[in-house]
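Everything on this sheet refers to the single structure shown next.
Indexing begins at 1, ligand by ligand and atom by atom, following the structure's order.
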Amino acid sequence: MTSSTLAIEGISVETARHGSPLVLVDNVSLILGAGEVLALVGANGSGKSLTCAASLDVLPPGTRMTSGSVSIDGSVLQRSMLRARHIATIMQNPRSAFNPVRTMQEHARETLSALGIPKAEGDQRILQAIRASGLDEPERLLRLHSFEMSGGMLQRMMIALALATEAPFLFADEPTTDLDLIVQREILDLLDHLKRERRLGILLVTHDMGVVAKLADRVAVMDGGRIVETAPVADIFLAPRHVTTQRLVEAHLSLYNLSGVAA
Ligand SMILES: Nc1ncnc2c1ncn2[C@@H]1O[C@H](COP(=O)(O)OP(=O)(O)O)[C@@H](O)[C@H]1O
Ligand SMILES: [Mg+2]
(Lines give C-alpha, C1' and ligand atoms only; values in the text may rest on other atoms or scores of the structure.)
(Ligands and ions follow the chains in the order given, each with its own letter.)
Protein backbone atom coordinates (compact mmCIF):
# COMPACT_ATOMS: atom_id res chain seq x y z
CA MET A 1 0.00 0.00 0.00
CA THR A 2 1.39 3.42 -0.86
CA SER A 3 -0.41 5.85 1.44
CA SER A 4 1.84 8.77 2.20
CA THR A 5 0.16 11.00 4.77
CA LEU A 6 -2.00 10.28 7.79
CA ALA A 7 -3.75 13.32 9.26
CA ILE A 8 -5.44 13.26 12.66
CA GLU A 9 -7.50 16.41 12.90
CA GLY A 10 -9.14 18.14 15.83
CA ILE A 11 -9.61 15.10 18.08
CA SER A 12 -11.38 15.82 21.38
CA VAL A 13 -12.31 13.24 24.03
CA GLU A 14 -14.49 13.73 27.10
CA THR A 15 -15.53 11.82 30.15
CA ALA A 16 -18.14 12.60 32.80
CA ARG A 17 -16.87 13.34 36.28
CA HIS A 18 -19.29 14.11 39.11
CA GLY A 19 -22.00 14.52 36.52
CA SER A 20 -20.27 17.15 34.40
CA PRO A 21 -18.20 16.75 31.24
CA LEU A 22 -14.43 16.75 31.63
CA VAL A 23 -12.20 17.23 28.57
CA LEU A 24 -9.39 14.65 28.45
CA VAL A 25 -8.12 15.33 24.92
CA ASP A 26 -8.56 18.85 23.57
CA ASN A 27 -8.53 19.46 19.82
CA VAL A 28 -5.43 17.42 19.00
CA SER A 29 -4.11 17.36 15.43
CA LEU A 30 -1.11 15.36 14.20
CA ILE A 31 0.35 14.67 10.76
CA LEU A 32 2.42 11.57 10.03
CA GLY A 33 4.23 10.89 6.77
CA ALA A 34 5.52 7.67 5.21
CA GLY A 35 8.97 6.73 6.46
CA GLU A 36 8.68 9.08 9.41
CA VAL A 37 8.67 8.58 13.17
CA LEU A 38 6.52 11.12 14.99
CA ALA A 39 7.02 10.85 18.76
CA LEU A 40 4.06 11.79 20.93
CA VAL A 41 5.49 12.64 24.35
CA GLY A 42 4.19 13.93 27.66
CA ALA A 43 3.73 12.99 31.29
CA ASN A 44 1.52 10.11 32.37
CA GLY A 45 -2.11 11.09 32.02
CA SER A 46 -1.49 13.82 29.43
CA GLY A 47 -3.81 12.10 26.91
CA LYS A 48 -1.42 10.27 24.58
CA SER A 49 -3.12 6.87 24.68
CA LEU A 50 -6.63 8.32 24.42
CA THR A 51 -5.56 10.29 21.34
CA CYS A 52 -4.46 7.04 19.66
CA ALA A 53 -7.53 5.14 20.85
CA ALA A 54 -9.90 7.84 19.57
CA SER A 55 -8.14 7.84 16.19
CA LEU A 56 -8.75 4.09 15.88
CA ASP A 57 -12.27 4.10 17.37
CA VAL A 58 -11.25 1.96 20.34
CA LEU A 59 -11.84 4.38 23.22
CA PRO A 60 -12.32 2.77 26.64
CA PRO A 61 -15.75 2.71 28.30
CA GLY A 62 -16.62 5.98 30.03
CA THR A 63 -14.95 8.15 27.39
CA ARG A 64 -16.28 9.50 24.12
CA MET A 65 -14.94 11.38 21.15
CA THR A 66 -16.69 14.72 20.74
CA SER A 67 -14.89 15.96 17.62
CA GLY A 68 -12.25 15.02 15.11
CA SER A 69 -11.51 13.03 12.00
CA VAL A 70 -8.74 10.94 10.50
CA SER A 71 -7.78 11.08 6.85
CA ILE A 72 -5.26 9.36 4.64
CA ASP A 73 -3.94 11.28 1.66
CA GLY A 74 -6.78 13.75 2.04
CA SER A 75 -9.70 11.28 2.25
CA VAL A 76 -11.54 11.10 5.56
CA LEU A 77 -11.96 7.44 6.52
CA GLN A 78 -14.34 5.73 8.86
CA ARG A 79 -12.16 5.23 11.94
CA SER A 80 -13.05 1.56 12.45
CA MET A 81 -11.82 0.92 8.89
CA LEU A 82 -8.38 2.27 9.75
CA ARG A 83 -7.50 -0.48 12.19
CA ALA A 84 -5.17 -3.12 10.77
CA ARG A 85 -5.94 -2.19 7.16
CA HIS A 86 -4.21 1.20 7.30
CA ILE A 87 -2.84 1.44 10.84
CA ALA A 88 -1.34 -1.49 12.73
CA THR A 89 -0.78 -1.21 16.47
CA ILE A 90 1.67 -2.49 19.03
CA MET A 91 1.33 -1.83 22.73
CA GLN A 92 3.16 -1.70 26.01
CA ASN A 93 2.34 -5.19 27.20
CA PRO A 94 2.45 -7.63 24.27
CA ARG A 95 1.58 -10.56 26.55
CA SER A 96 -1.89 -9.12 27.19
CA ALA A 97 -2.49 -8.91 23.42
CA PHE A 98 -2.29 -12.69 23.02
CA ASN A 99 -4.83 -15.25 24.16
CA PRO A 100 -2.83 -17.80 26.21
CA VAL A 101 -4.79 -20.83 24.94
CA ARG A 102 -4.08 -20.07 21.28
CA THR A 103 -0.93 -20.52 19.23
CA MET A 104 0.87 -17.76 17.34
CA GLN A 105 -0.35 -19.40 14.12
CA GLU A 106 -3.98 -19.10 15.25
CA HIS A 107 -3.47 -15.43 16.16
CA ALA A 108 -1.83 -14.72 12.81
CA ARG A 109 -4.57 -16.49 10.82
CA GLU A 110 -7.30 -14.63 12.71
CA THR A 111 -5.67 -11.23 12.11
CA LEU A 112 -5.11 -11.85 8.41
CA SER A 113 -8.40 -13.59 7.63
CA ALA A 114 -10.23 -10.62 9.21
CA LEU A 115 -8.60 -8.53 6.46
CA GLY A 116 -9.89 -10.94 3.81
CA ILE A 117 -6.44 -12.32 3.00
CA PRO A 118 -6.63 -15.93 1.71
CA LYS A 119 -5.13 -18.51 4.07
CA ALA A 120 -2.24 -19.60 1.84
CA GLU A 121 -1.18 -16.01 1.20
CA GLY A 122 -1.57 -15.14 4.89
CA ASP A 123 0.61 -18.08 5.94
CA GLN A 124 3.33 -16.96 3.51
CA ARG A 125 3.11 -13.36 4.67
CA ILE A 126 3.45 -14.25 8.33
CA LEU A 127 6.52 -16.44 7.76
CA GLN A 128 8.24 -13.57 5.95
CA ALA A 129 7.09 -11.01 8.52
CA ILE A 130 8.45 -13.08 11.42
CA ARG A 131 11.86 -13.25 9.73
CA ALA A 132 11.69 -9.50 8.99
CA SER A 133 11.04 -8.95 12.70
CA GLY A 134 14.36 -10.57 13.57
CA LEU A 135 13.07 -13.94 14.78
CA ASP A 136 14.50 -17.26 13.59
CA GLU A 137 12.66 -20.54 12.98
CA PRO A 138 9.27 -19.00 12.17
CA GLU A 139 7.60 -22.39 11.61
CA ARG A 140 8.51 -23.47 15.14
CA LEU A 141 7.50 -20.12 16.70
CA LEU A 142 4.06 -20.31 15.07
CA ARG A 143 3.32 -23.45 17.09
CA LEU A 144 4.06 -21.69 20.41
CA HIS A 145 1.70 -20.06 22.91
CA SER A 146 2.43 -16.67 24.50
CA PHE A 147 3.45 -18.25 27.83
CA GLU A 148 6.20 -20.15 26.03
CA MET A 149 7.82 -16.91 24.79
CA SER A 150 9.74 -14.01 26.36
CA GLY A 151 8.42 -10.42 26.41
CA GLY A 152 10.93 -9.42 23.74
CA MET A 153 9.90 -12.29 21.47
CA LEU A 154 6.23 -11.39 21.93
CA GLN A 155 6.86 -7.76 21.05
CA ARG A 156 8.67 -8.92 17.89
CA MET A 157 5.70 -11.19 17.15
CA MET A 158 3.34 -8.18 17.55
CA ILE A 159 5.54 -6.31 15.07
CA ALA A 160 5.46 -9.34 12.73
CA LEU A 161 1.65 -9.36 12.82
CA ALA A 162 1.68 -5.63 12.08
CA LEU A 163 4.01 -6.12 9.10
CA ALA A 164 1.96 -9.04 7.77
CA THR A 165 -1.09 -6.77 7.49
CA GLU A 166 0.99 -4.50 5.21
CA ALA A 167 -0.60 -1.46 6.87
CA PRO A 168 1.45 1.63 5.93
CA PHE A 169 1.25 3.16 9.42
CA LEU A 170 2.06 1.83 12.88
CA PHE A 171 0.88 3.19 16.23
CA ALA A 172 3.33 2.07 18.93
CA ASP A 173 2.09 2.99 22.42
CA GLU A 174 5.00 2.70 24.89
CA PRO A 175 6.30 -0.34 22.98
CA THR A 176 9.48 -0.77 25.04
CA THR A 177 8.36 0.34 28.51
CA ASP A 178 7.95 -3.20 29.92
CA LEU A 179 11.11 -4.64 28.34
CA ASP A 180 14.62 -4.87 29.78
CA LEU A 181 17.20 -2.43 28.46
CA ILE A 182 18.93 -4.73 25.97
CA VAL A 183 15.63 -5.86 24.45
CA GLN A 184 14.40 -2.24 24.41
CA ARG A 185 17.38 -1.29 22.29
CA GLU A 186 16.80 -4.22 19.90
CA ILE A 187 13.13 -3.33 19.42
CA LEU A 188 14.01 0.33 18.80
CA ASP A 189 16.62 -0.72 16.24
CA LEU A 190 14.01 -2.92 14.55
CA LEU A 191 11.48 -0.07 14.35
CA ASP A 192 14.18 2.22 12.95
CA HIS A 193 15.05 -0.41 10.34
CA LEU A 194 11.37 -0.83 9.34
CA LYS A 195 10.96 2.91 9.00
CA ARG A 196 13.89 3.04 6.59
CA GLU A 197 13.36 -0.23 4.68
CA ARG A 198 9.57 -0.26 4.41
CA ARG A 199 8.89 3.48 4.71
CA LEU A 200 6.56 2.66 7.60
CA GLY A 201 5.08 5.81 9.20
CA ILE A 202 5.29 5.34 12.96
CA LEU A 203 3.44 7.23 15.70
CA LEU A 204 5.60 6.43 18.71
CA VAL A 205 3.97 7.18 22.05
CA THR A 206 6.49 7.41 24.86
CA HIS A 207 7.38 9.26 28.04
CA ASP A 208 11.06 8.35 27.54
CA MET A 209 13.12 11.13 25.94
CA GLY A 210 15.96 8.65 25.38
CA VAL A 211 13.66 6.74 23.03
CA VAL A 212 12.73 10.03 21.36
CA ALA A 213 16.37 10.97 20.83
CA LYS A 214 17.11 7.59 19.27
CA LEU A 215 14.16 7.22 16.94
CA ALA A 216 12.06 10.33 16.32
CA ASP A 217 12.15 12.63 13.32
CA ARG A 218 9.57 15.02 14.74
CA VAL A 219 8.08 15.36 18.21
CA ALA A 220 4.66 16.46 19.45
CA VAL A 221 4.51 17.35 23.14
CA MET A 222 1.26 16.86 25.07
CA ASP A 223 0.25 18.40 28.36
CA GLY A 224 -3.19 18.31 29.94
CA GLY A 225 -4.84 16.90 26.82
CA ARG A 226 -3.36 19.48 24.42
CA ILE A 227 -0.44 19.58 22.01
CA VAL A 228 1.78 22.36 23.34
CA GLU A 229 4.66 22.10 20.88
CA THR A 230 5.50 20.24 17.65
CA ALA A 231 9.02 20.45 16.23
CA PRO A 232 11.82 18.50 14.57
CA VAL A 233 13.67 16.36 17.13
CA ALA A 234 16.82 18.52 17.08
CA ASP A 235 14.82 21.63 18.00
CA ILE A 236 13.11 19.78 20.86
CA PHE A 237 16.46 19.00 22.48
CA LEU A 238 18.44 22.10 21.49
CA ALA A 239 15.80 24.85 21.55
CA PRO A 240 12.65 23.69 23.38
CA ARG A 241 10.10 26.51 23.42
CA HIS A 242 7.31 25.38 25.74
CA VAL A 243 7.98 24.98 29.46
CA THR A 244 6.64 21.38 29.36
CA THR A 245 9.17 20.50 26.65
CA GLN A 246 11.94 22.25 28.57
CA ARG A 247 11.13 20.21 31.68
CA LEU A 248 11.06 16.91 29.78
CA VAL A 249 14.44 17.67 28.20
CA GLU A 250 15.96 18.86 31.51
CA ALA A 251 14.76 15.76 33.33
CA HIS A 252 16.26 13.60 30.59
CA LEU A 253 19.61 15.41 30.56
CA SER A 254 19.89 15.37 34.35
CA LEU A 255 19.95 11.56 34.18
CA TYR A 256 23.27 11.82 32.35
CA ASN A 257 24.70 14.75 34.31
CA LEU A 258 26.74 12.72 36.79
CA SER A 259 28.65 15.73 38.11
CA GLY A 260 25.28 17.27 38.94
CA VAL A 261 24.32 14.15 40.90
CA ALA A 262 27.59 14.20 42.84
CA ALA A 263 27.35 17.91 43.70
N1 LIG B 1 -11.70 5.05 30.68
C2 LIG B 1 -11.44 6.25 31.22
N3 LIG B 1 -12.40 6.93 31.89
C4 LIG B 1 -12.14 8.14 32.43
N5 LIG B 1 -10.96 8.77 32.35
C6 LIG B 1 -9.96 8.15 31.69
C7 LIG B 1 -10.14 6.87 31.11
N8 LIG B 1 -8.98 6.50 30.52
C9 LIG B 1 -8.10 7.49 30.75
N10 LIG B 1 -8.69 8.49 31.45
C11 LIG B 1 -8.05 9.76 31.88
O12 LIG B 1 -7.68 10.48 30.72
C13 LIG B 1 -6.43 11.14 30.92
C14 LIG B 1 -5.50 10.76 29.78
O15 LIG B 1 -5.22 9.36 29.84
P16 LIG B 1 -4.22 8.64 28.83
O17 LIG B 1 -4.55 9.05 27.44
O18 LIG B 1 -4.24 7.20 29.17
O19 LIG B 1 -2.81 9.30 29.25
P20 LIG B 1 -1.32 8.91 28.78
O21 LIG B 1 -1.42 7.82 27.77
O22 LIG B 1 -0.74 10.19 28.27
O23 LIG B 1 -0.62 8.46 30.04
C24 LIG B 1 -5.93 10.73 32.30
O25 LIG B 1 -6.24 11.76 33.19
C26 LIG B 1 -6.74 9.50 32.62
O27 LIG B 1 -6.97 9.39 34.00
MG1 LIG C 1 -0.66 5.86 27.84
List the steps, then state whether side chain to side chain donor-acceptor pair (under 3.5 Å) holds for T15 with T63.
-> CA-CA 5 Å; T15 189; T63 62; over 6 Å; no
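- Counting backbone and side-chain atoms alike, S49 contributes an N/O/S atom closer than 2.8 Å to the Mg ion (ligand 2).
- Between R17 and ligand 1 there is a heavy-atom distance shorter than 4.0 Å.
- Taking the side chain as every heavy atom from C-beta outward, E9 and V70 never approach each other to under 4.5 Å.
- Residue, atom and distance of the protein heavy atom nearest to atom 6 (C) of ligand 1 are L24 CD1, 3.8 Å.
- Within the 4.0 Å cut-off (strictly below), a protein heavy atom is located near atom 14 (C) of ligand 1.
- For G47, the closest heavy-atom approach to ligand 1 falls below 4.0 Å.
- Residue P61 approaches ligand 1 through these ligand atoms, each under 4.0 Å from one of its heavy atoms: 1 (N).
- Between E36 and R199 there is no salt bridge, since no side-chain N of the basic residue sits under 4.0 Å from a carboxylate O of the acidic one.
- For atom 20 (P) of ligand 1, the nearest non-hydrogen atom of the protein is G45 N, 3.5 Å.
- Taking all heavy atoms of L50, D173, T63, T51 into account, the minimum distance to atom 9 (C) of ligand 1 is reached by L50.
- Here is the list of ligand 1 atoms found below 4.0 Å of a heavy atom in A43: 22 (O).
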I would like to know whether Q92 and T177 meet side chain to side chain donor-acceptor pair (under 3.5 Å); could you show each step before the answer?
-> CA-CA 6 Å; Q92 179 167 347; T177 302; 4.8 Å; no
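- What sits closest to atom 18 (O) of ligand 1 on the protein, heavy atoms only, is S49 CB, 3.7 Å.
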For S4 and D73, run side chain to side chain donor-acceptor pair (under 3.5 Å): C-alpha distance rounded to whole Å, both residues' side-chain angles, the deciding distance at 0.1 Å, then the answer.
-> CA-CA 6 Å; S4 59; D73 293 338; 3.0 Å; yes
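- Applying the 4.0 Å criterion to heavy atoms of P60 picks out, from ligand 1, the atoms 1 (N).
- Summarising the geometry of T103 relative to L142, their closest heavy-atom pair is CB-O, 3.5 Å, with the distance given to 0.1 Å.
- The protein heavy-atom contact nearest to atom 4 (C) of ligand 1 is T15 OG1, 3.6 Å.
- With respect to R109 and D123, a salt bridge is recorded, a charged nitrogen being found less than 4.0 Å from a carboxylate O.
- When each of H145, H107, E110 is checked for a side chain to side chain donor-acceptor pair (under 3.5 Å) with R102, only E110 meets the rule.
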